[in-house]
Amino acid sequence: VAAFLLGLVAGETHDHDHNITRVGCPTDDSIRQECYDAVTPPLPICLGSTAAEWVAKAIDSSTRCCGDDLTECKCPVKEGVMFKEKIGPFCDAVQNYCMPEGSPNLRGGMMK
């Protein structure tokens, strides 16, 4: 989660639809653009996993880091201001664009 929340913009370009393209990062046409934009970290971090793996990691971490109870969240900066500013949009994007069809809402808090 920390990599996603850093808000780094190295290697990003924006196309005419305002989608983020992370130049040099792995892509996957089966992943919705909104999901990809929300969960794929910038270069060089993005090279550590495939696009599908980043989505899986985001879904996994969102089950622990989205909501009111962060006791299971493994993010080392979960008490920081930047985390608190960025986790809401991250959780919303994972819930709305990355979760498989028919999945229940993430537990509590911001995902109601």
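Residues Ser49 and Lys57 share a closest heavy-atom pair of OG-NZ, 2.5 Å. Among all heavy-atom pairs drawn from Leu47 and Pro26, the shortest one is CD2-CD, 4.3 Å. For the pair Ser62 and Ile59, the tightest heavy-atom approach, listed with the atom from each and the gap, is OG-O, 2.7 Å.
Side chains of Lys84 and Glu79 form a contact here, defined as non-hydrogen atoms less than 4.5 Å apart. For the pair Gln95/Cys66, no side-chain contact is recorded, criterion being any heavy-atom separation below 4.5 Å from C-beta on. Two residues are said to be in side-chain contact when any heavy atoms from C-beta on lie closer than 4.5 Å; Tyr36 and Val55 fail this criterion. Within the 4.5 Å cutoff, the side chain of Val94 has no heavy atoms near those of the Cys35 side chain. Taking 4.5 Å as the limit, every side-chain heavy atom of Cys65 sits out of range of all side-chain heavy atoms of Phe90.
In the hydrophobic cluster analysis, where Ile, Leu, Val, Met, Phe, Trp and Tyr join through side-chain heavy atoms closer than 4.5 angstrom, Ile31 is grouped apart from Tyr97. One hydrophobic cluster, built from ILVMFWY side chains closer than 4.5 Å, holds both Met99 and Val39.
Rounded to the nearest 0.5 Å, atoms CD (Gln33) and OG1 (Thr27) are 9.5 Å apart.
Proximity of a side-chain donor or acceptor of Thr40 to a complementary backbone N or O of Asp37 within less than 3.5 Å is not detected. When atom types are taken as modelled, the side chain of Trp54 and the backbone of Pro41 share no donor-acceptor pair closer than 3.5 angstrom.
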